[in-house]
A.B. asks: 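Structure below; questions to follow.
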Amino acid sequence: MSETTYYGLTVPQMIGITVGLFVIIFIYVIIKDKINRKKAQGGGDRDTVWNILQNSIPEIGQYTRAYGCWEWSTYQGKKTTTTYWYYGVAFNNDRLFVVPLSCEGGDISYSDAYCIEKKDVAIVNSKKGAQWVELYDMHQKELLSISVFPENLNDDKYHPVNIIQPEEAQAFIRWKDTWMDEINRANHVEVTGKMKKPVKVQKV
């Protein structure tokens, strides 16, 4: 009895090769994840970002430090373009300092810090407990969009750091939820909780 072949391989042989490839990929992903977690626990990238914040922001001891990022995709026909941003941030109830980061070639560099004062923010768009936030001024001009995750692993060139920061991520959520309550209430704003579509209802 003859067997059907594809490219000189029988169906069982092709299945065996496919399964073998999936096993190799799975093992590679698991090993890479363990290596990245070990690097993150060693604190190398975290220490670098924390030192950048230390050198960039006066009286850093008054703020909570964190690593933040943002990515956004735009669509034009069949073409999708995704842009990535990386930040070191330091925040307290009165203000947020932001240090733009560049992560190319395995090195972390940075630009000058800038400050967003609480009094200058008119709209805080997010959802309670979410890890992301969008800040807007009174003209609905975007001041900053950022996410702060408890785990950041170097999965590819677009996710370039190994930083584990569970306490800082929780502190960011508490800070963001407080600003969202206080600022939106003061400005009589109801937000959508949908990215890039901040205002749901403008109350009188």
Side-chain angles (χ1 to χ4, degrees), residues 32-72 82-126 128-137 141-183 195:
K32 185 177 181 181
D33 183 78
K34 288 184 177 180
I35 291 172
N36 285 335
R37 287 181 183 279
K38 187 174 181 180
K39 289 181 179 178
Q41 290 166 356
D45 290 341
R46 175 188 163 111
D47 290 345
T48 298
V49 174
W50 265 230
N51 287 335
I52 288 171
L53 291 166
Q54 178 80 37
N55 295 331
S56 302
I57 298 168
E59 300 181 328
I60 188 65
Q62 298 180 13
Y63 302 88
T64 299
R65 285 176 278 193
Y67 167 78
C69 58
W70 187 257
E71 59 184 77
W72 189 252
T82 303
T83 306
Y84 300 84
W85 296 265
Y86 315 103
Y87 303 104
V89 293
F91 52 89
N92 63 17
N93 189 55
D94 298 317
R95 60 188 58 87
L96 167 70
F97 279 99
V98 183
V99 180
L101 303 175
S102 177
C103 306
E104 296 183 4
D107 295 324
I108 301 175
S109 58
Y110 62 100
S111 304
D112 292 339
Y114 63 91
C115 180
I116 299 175
E117 297 280 353
K118 184 178 183 180
K119 61 182 177 63
D120 295 326
V121 179
I123 303 169
V124 181
N125 185 36
S126 185
K128 277 294 184 71
Q131 296 171 319
W132 64 273
V133 68
E134 297 172 345
L135 304 178
Y136 296 85
D137 68 12
K141 177 184 176 182
E142 184 178 328
L143 300 173
L144 178 71
S145 294
I146 192 169
S147 300
V148 173
F149 299 116
E151 288 190 357
N152 304 269
L153 298 180
N154 186 356
D155 296 325
D156 52 47
K157 67 178 181 179
Y158 304 112
H159 303 88
V161 300
N162 291 306
I163 295 176
I164 295 178
Q165 51 177 9
E167 294 179 2
E168 291 81 1
Q170 284 300 313
F172 174 81
I173 291 173
R174 291 192 298 270
W175 167 84
K176 180 265 301 179
D177 285 350
T178 298
W179 271 32
M180 186 165 63
D181 286 341
E182 295 179 357
I183 292 173
M195 295 177 182

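For clarity, every value in this text was computed on a predicted model and none was experimentally measured.
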A.B. asks: Measure the CG-OG1 distance between Leu53 and Thr48 for me, rounded to the nearest 0.5 Å.
C.D. replies: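 The OG1 atom of Thr48 is 11.0 Å from CG of Leu53, to the nearest 0.5 Å.
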A.B. asks: A quick test of your reading: do over 12 heavy atoms of other residues, nucleotides or ligands sit less than 6.0 Å from CD of Glu167?
C.D. replies: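 No, not enclosed.
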A.B. asks: With no hydrogens and no angle check, just 3.5 Å: does a side-chain donor-acceptor pair link Gln54 and Arg65?
C.D. replies: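 Yes.
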A.B. asks: For the residue pair Tyr86 and Tyr84, does the interplanar ring angle fall in the parallel (under 30°), tilted (30 to 60°) or perpendicular (over 60°) class?
C.D. replies: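 Judged by the thresholds at 30° and 60°, the geometry between Tyr86 and Tyr84 is parallel.
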A.B. asks: Return the OH to CG distance between Tyr114 and Leu144, rounded to the nearest 0.5 Å.
C.D. replies: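 Result: 4.5 Å between the selected atoms.
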A.B. asks: When rounded to the nearest 0.5 angstrom, what distance separates NZ in Lys176 from CG in Asp181?
C.D. replies: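 Answer rounded to 0.5 Å: 9.5 Å.
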A.B. asks: Using atom types as modelled and distance alone, determine if a side-chain donor or acceptor of Asn152 lies under 3.5 Å from a backbone N or O of Ile163.
C.D. replies: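 Yes: the side chain of Asn152 pairs with the backbone of Ile163.
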A.B. asks: Could you pull out all residues at least two apart from Tyr110 that satisfy ring pair (Phe, Tyr, Trp, His ring centres under 6.0 Å)?
C.D. replies: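 So Tyr110 forms no ring pair (Phe, Tyr, Trp, His ring centres under 6.0 Å) with any residue.
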A.B. asks: Quick one: salt bridge (charged side-chain N to carboxylate O under 4.0 Å, His left out) partners of Arg95, sequence neighbours excluded?
C.D. replies: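 Listed in chain order: Glu117.
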A.B. asks: Not counting sequence neighbours, which residues clear side-chain hydrogen bond (donor to acceptor under 3.5 Å, both in side chains) with Asp94? List them please.
C.D. replies: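 Expected list: none.
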A.B. asks: Supply the atom-to-atom distance Asp177 CG to Phe172 CZ, rounded to the nearest 0.5 angstrom.
C.D. replies: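 Atom-to-atom, Asp177:CG and Phe172:CZ are 9.5 Å apart.
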A.B. asks: Between CG of Leu135 and CD1 of Ile183, what distance do you get to the nearest 0.5 Å?
C.D. replies: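 Here the rounded value is 7.0 Å.
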A.B. asks: How many angstroms lie between CG in Asn51 and CD1 in Ile60, if you round to the nearest 0.5 Å?
C.D. replies: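 One finds 11.0 Å between CG of Asn51 and CD1 of Ile60.
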A.B. asks: Name the orientation class of the two ring planes belonging to Trp70 and Trp132 (parallel below 30°, tilted from 30 to 60°, perpendicular beyond 60°).
C.D. replies: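 Tilted.
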